Amino acid sequence: MAATEESAAALLQDVMASMKVRPDDDEDEEEVTKEWGSVEVDAEETDAAVKKVQEKEAGGVKEEVDDGDGGGTVDLPEMALKSEKLNEEVESPDTEIKKVLATDTPYTSAKSFEDLNLTEPLLKGLYTEMKFERPSRIQAETLPMILSPPYANLIAQAHNGSGKTTCFVLGMLGRVDANLNAPQALCVCPTRELAIQNEEVLLKMAKYTGITCACTAGADDRVSASRRGKITDQVVIGTPGTLKRWMSKDRILDARRMKILVFDEADHMLATEGFQDDSMRIMSMIARQSPNYQILLFSATFSERVKAFARNSVPRANEVFVPKEDLSLDVIKQYRVRCPSSQGRLDVLRNNIFPLAEKLGQSIIFVRTRENASFLHTSLQQDGHRCTSIQGGMSHEERDRVIREYRSGETKILISTDVLARGFDQAQVTLVVNYDIPVKMGTWEPDYELYLHRIGRSGRFGRKGAAFNLVCDRKGEEMLNKIEDHFDRRMDEVKYDDEDAFERVLKEAGLA
DNA sequence: AAAAAAT
């Protein structure tokens, strides 16, 4: 066993060397084995647990295969070699994507949507409704994996705003049978807003297909399950708590025909306490009735700890990863704003940032607590500034209204907790303000993933963007230093008492 | 601390 592991490790080294993978992947490897055992799934009842145990039993073999033994793994060194040519053809940023295949199945990246054997109505939706011409880089790589046999599981990571949603939405639409009135695809999202957003994209793309969708956050989300009746829509999208209840207690969501399960913001869904149990339960309930279903995990971020956990929760998955160094979004200019005090921070927001933001496209101000969101909102409004705020304590109707106004452009500045940190896609967002630096719970460690997600709300699909990070004490200062180190990017400072500094800097970022 | 959603 030890020998096997060692030779597998050696092999992995070779493969990585040939792929010019960054050296820090090594330390990741260590962290992986150390960390993942600490994440627990309540073992007694779930089939997922059973499935997992089986995976572990097959562990000797599996590790070997997954980690680079010739048997199953086809690392694609030719990807690296051909990348310049590919880039020309697929018109993508020069990102070096790392693919690890779990089976012998060869995949050719899709140069056009025609390569994917999609139905005519679906293609029509892509071209006329979505106005897509050809697959983006991440779409070109993942869609063949999703849509062709053996319909392998997939763990995929790609930039914010690079078209991940299309990958899994098209994946679901491509796999379901429009003529069968039973749920066949399920998409789990961390927030109500994201579920709605994904549903909207799906319905738009599905316009000519006859495929319908049920969403836990629909207008009728107060309707009791018994009144609603069995779900016959081909696709179901929602938040984990309600989805779980629909499948178990309410019994209106039948998993017998389920072909594909998607986790959007998958690192969050699998690793965050509160989400994890529900996610595992959903997986096990589907596995019981449709053992051969396909699982897709999508996120812009997978910390090494979570990546290891994901690999164990979703066995034999193909992997498509973007190296960490390429993820820090060079298109988004990031700045440090040192504020004299906590009160001074509000002044900086009010006097320096708001007047500019009102002239810009749209902005999101992120804060750490619900209270802070409401407080900032009222206090800025009292000063005559137009803005809205959103946080999980508000009613569904209120949240929907705020989002609707923001989407329509009626409001330009939105103050938000981390409800909107992930996935929220609004092309006009050019400026993100971190009023608080995101922190990992119970520590004074910055939450790097969350930071990346937050600033990724701007600069959607290659557009320009800027982020102001407000710090007003040593803790904030230290955390921002750590963020700089982690992404290996220095941030310029914007002096709060320099009248024109903010405007100058936004010009520099290509915004003003 | 916040997130979903239930109690």
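In what follows, chains carry the letters A, B, and so on, assigned in the order in which the sequence lines appear, proteins first and then strands, with residues in each chain numbered from 1. Here the structure is a predicted model, which is why all the values come from computation and not from measurement.
Between F487(A) and Y448(A), the two ring planes are perpendicular [angle over 60°; tilted spans 30° to 60°]. A tilted orientation is assigned to the rings of F468(A) and Y335(A), their planes being inclined by 30° to 60°.
Considering only side-chain atoms of R245(A), the nucleotide from dA2(B), dA4(B), dA6(B) that sits closest is dA6(B). The side chain of D278(A) sits closest to dA4(B) out of dA3(B), dA4(B), dA6(B). Between dA6(B), dA4(B), dA2(B), one nucleotide has an atom nearer to the side chain of T191(A) than all others, and that is dA4(B). Distances from the side chain of E371(A) to the nucleotides dA2(B), dA3(B), dA6(B) place dA2(B) closest.
When the C1' atom of dA3(B) is taken as reference, atom CD of E449(A) falls 16 Å away, rounded to whole Å. Note: CE (M479(A)) to P (dA1(B)) measures 14 Å, nearest angstrom. Atom C1' of nucleotide dA4(B) and atom CE of M280(A) are separated by 16 Å, given to the nearest angstrom. In this structure, the NE2 atom of H268(A) is 13 Å from the P atom of dA2(B), given to the nearest Å. Between the CZ atom of F263(A) and the P atom of dA3(B) there is a distance of 21 Å, rounded to whole Å. For the pair I390(A) CD1 and dA4(B) P, the computed distance is 9 Å after rounding to whole Å. Here dA3(B) presents its P atom at 19 Å from CG of D277(A), a figure rounded to the nearest Å. At whole-Å resolution of the value, CZ in R370(A) and C1' in dA4(B) are 10 Å apart.
Note on P240(A): nothing from the nucleic acid sits closer than 4.0 angstrom, heavy atoms only. The residue E273(A) sits close to a base: some heavy atom pair falls under 4.0 Å. Contact annotation for G274(A): base contact, defined as any heavy-atom pair under 4.0 Å involving a base atom.
Contact annotation: T242(A) side-chain N/O to dA6(B) OP1/OP2 distance is under 4.0 Å. Under 4.0 angstrom from either OP1 or OP2 of dA4(B) there lies at least one side-chain N or O belonging to R399(A).
Around the NZ atom of K495(A), the shell of radius 6.0 Å holds no more than 12 heavy atoms that belong to other residues, nucleotides or ligands.
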*Please assess T165(A) against D425(A) for the test side chain to side chain contact (heavy atoms under 4.5 Å, CB included), listing each intermediate value before the final yes or no.*
CA-CA 10 Å; T165(A) 308; D425(A) 187 20; 5.9 Å; no
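No side-chain donor from either of T232(A) and N181(A) sits under 3.5 Å from a side-chain acceptor of the other.
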